[in-house]
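Everything below concerns the one structure shown next.
By convention here, the first residue in the shown sequence is residue 1.
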Amino acid sequence: MSGEPQRTLLLWCPDWPVLAAEIVDGVPATDPVVVLHANRVIACSERARAEGIRRGLRRREAQGRCPHLTVVDHDPGRDVRAFEPVVAAVEEVVAGVEVIRPGACATAARGPSRYLGGEEAAAERIVEHVAQSCAVESQAGIADGVFAAGLAAREGRIVTPGGTREFLAARPVEALGRPALADLLRRLGVRTLGEFAALPAGDVLARFGFDGALAHRLAGGRDDRPLAVRQPPADLTVTADYDEPVDRVDAAAFAARMLAERLHERLAGYGLACTRLGIEAVTAHGQELHRVWRHDGLLTAAAIADRVRWQLDGWLSGSNGRGGTRPARPTAGIVRLRLVPDGVLAQAGLQPGLWGETGEERERAHRALSRVQGILGPEAVVTAVLGGGRSPADQVRLVPWGDERAPARPGPPPLPPAGAAPGAASAPVVVPAGGGAGRRAGRGRAVAEPPWPGRIPPPAPAVVLPTPLPADVRDAAGEPVVVSARLTVSAAPARLTVGDGRPAEITGWAGPWPVDERWWAPAEARRRARFQVCLADGAALLLAVEGGQWLVEAIYD
């Protein structure tokens, strides 16, 4: 805990929950209005107080005193949203503002008083600026410490330095904002903060506990902590406006280089580096273009320039709408370009590898794939991420190149390709327009944690079909093979027919592996059983039977 309290200026907006309801919901604060929480009044307008309504009244009693009362439910989110412009207006005058609660904020009084001509001038300047900027009435108080400044703000008073203890001494114990403690103190004969502060600190701690000791410090004019001021975030965005619309790739490359260097210098000035970059462009016809690039390392000035150039190349070289698969080209040149560092961290936040930076081969591959994304879009290059699940389709998730490789379900960590260095990314997959016939499922060892009951045993299938194919399974006598509710197979599978194809002989099979998923949600529940089968031509398939229908889910090598 701090020793001497800091000279503090506190701005207080009376009846803030009522004002927030007026700002956000349009409830007139000049009418009799109350804000209720747990069926009790926590705030009321001035006209409601004139009708005899006070904080703590129950709803029925408040409505009995004022039949035409407007009742508003308490919404902390609404109070915070409405108070944010007030805090921003205060930050335009002084630096380092701490939000005490919605409706009250504090700052150190020393700085504003020195460059605004005294404490009284600083308080008047802040109150006037808030009234002009936000149309909100407020009061300011200055004292030693946040607690005393809050009480002074309710009276619009400036307590002289060193006079905080005397200012607090005559206040009732209810000013502590602890109703239970205040009630107990009054029953013990302690009615003012001065009487409470005169008690020995050790006895107060032993009798009332830690919260009582904290209240004892406040009653004596000593704060529990210094101000925790809010630092406004630095504006790292760089923007360039062009008198002549940029519609050629070479001109766009030059513009990208200049803007990237400005962004890198601004980030370096704050000791930051960029890992995710937002590129925004506005054309002469008002069309807005936006794309976000991710990178698994720190983006240098050259890397930023490359990505901006690739993105502008992709936009300016787009399709003209004559059946091409690429995005349509803008109807006019670019007149404004903005770079927004969406993901930043300390420049020393990423450590290079044991033997230096990333290898040249991987960097060249990354640059090539990123350029493909700039032309075809971020979803054009994807990588497979292994995760948990019962079916092969659930265990593999395709993510765009450069995005966070997080599995959709908890499961085993992704394994690097054979011979790859630790931490190497999986091989990317370039997705052509219109999609492909299937996707390759990564091979991995069966991991017991976390458990997935019903998961098929290894090896994993090589190709997972995006849409399972209907099939027909029959026994040696030509009768359909069925699986009962108790997972009893009617006969050994002998022949398999996939779709309209020819029947194939089954030489080996294993199963069933039952799966009963989301039984607690009837609309999403699924119950099926899986089989592994080997055919006479050497093919191996993963089959599933659900509701009496056989399906081919995946193919083994």
Side-chain angles (χ1 to χ4, degrees), residues 325 382-384 386-398 418 426-446 452-518 524-557:
T325 58
V382 295
T383 57
L386 295 180
R390 297 180 176 86
S391 66
D394 297 336
Q395 297 169 15
V396 178
R397 173 174 174 257
L398 297 180
S426 302
V429 180
V430 180
V431 179
R439 61 179 179 179
R440 305 290 296 183
R443 293 173 176 254
R445 298 168 296 175
W452 289 96
R455 183 175 182 174
I456 60 172
V463 177
V464 179
L465 301 177
T467 303
L469 301 176
D472 181 47
V473 179
R474 296 183 177 269
D475 56 17
E479 297 295 329
V481 177
V482 297
V483 181
S484 67
R486 294 182 176 272
L487 301 176
T488 302
V489 184
S490 61
R495 287 190 299 276
L496 170 68
T497 304
V498 180
D500 297 332
R502 301 182 60 183
E505 181 182 357
I506 298 177
T507 58
W509 62 280
W513 290 282
V515 176
D516 191 0
E517 294 181 305
R518 304 191 67 81
E524 304 175 5
R526 295 189 64 185
R527 193 169 188 270
R528 58 190 184 278
R530 291 192 176 89
F531 292 79
Q532 292 173 333
V533 298
C534 293
L535 306 181
D537 57 1
L541 305 176
L542 176 64
L543 306 181
V545 57
E546 181 177 359
Q549 174 65 49
W550 288 87
L551 301 170
V552 179
E553 287 190 339
I555 304 172
Y556 294 89
D557 281 344

Checklist entry - Roughly how far apart are L541 CG and E553 CD, rounded to 0.5 Å? => result 11.5 Å
Over all atoms of both residues, closest heavy-atom pair of [X] and [Y]:
X    : Y    : result
L551 : P468 : CB-CB, 4.0 Å
S490 : P480 : OG-O, 3.9 Å
V464 : A554 : CA-CB, 4.2 Å

Next on the checklist: I want to know whether W550 and F531 have ring centres closer than 6.0 Å.
Outcome noted: yes
Checklist entry - Do P493 and D475 have side chains that get closer than 4.5 Å, going by heavy atoms? => result no
Checklist entry - Within a strict 4.5 Å, meaning less than it, do heavy atoms of the R528 and Q549 side chains meet? => result no
Checklist entry - Considering residues at least two apart in sequence or located in another chain, which fulfil the side-chain hydrogen bond (donor to acceptor under 3.5 Å, both in side chains) criterion with R526? => result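 R526 satisfies side-chain hydrogen bond (donor to acceptor under 3.5 Å, both in side chains) with E546 only.
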Next on the checklist: I'd like to check the side-chain hydrogen bond (donor to acceptor under 3.5 Å, both in side chains) partners of R495; sequence neighbours left out, ordered by chain and number.
Outcome noted: none
Item to check | Name of the residue among T507, L496, V498 meeting side chain to side chain contact (heavy atoms under 4.5 Å, CB included) with L535 | outcome: L496
Item to check | Residue that, paired with V533, satisfies side chain to side chain contact (heavy atoms under 4.5 Å, CB included) out of V552, L542, L543 | outcome: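 Considering V552, L542, L543, a side chain to side chain contact (heavy atoms under 4.5 Å, CB included) with V533 is found only for L543.
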Next on the checklist: If the test is side chain to side chain donor-acceptor pair (under 3.5 Å), which one of W509, Y556, W513 qualifies with Q532?
Outcome noted: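 Testing each of W509, Y556, W513 against Q532, the sole residue satisfying side chain to side chain donor-acceptor pair (under 3.5 Å) is Y556.
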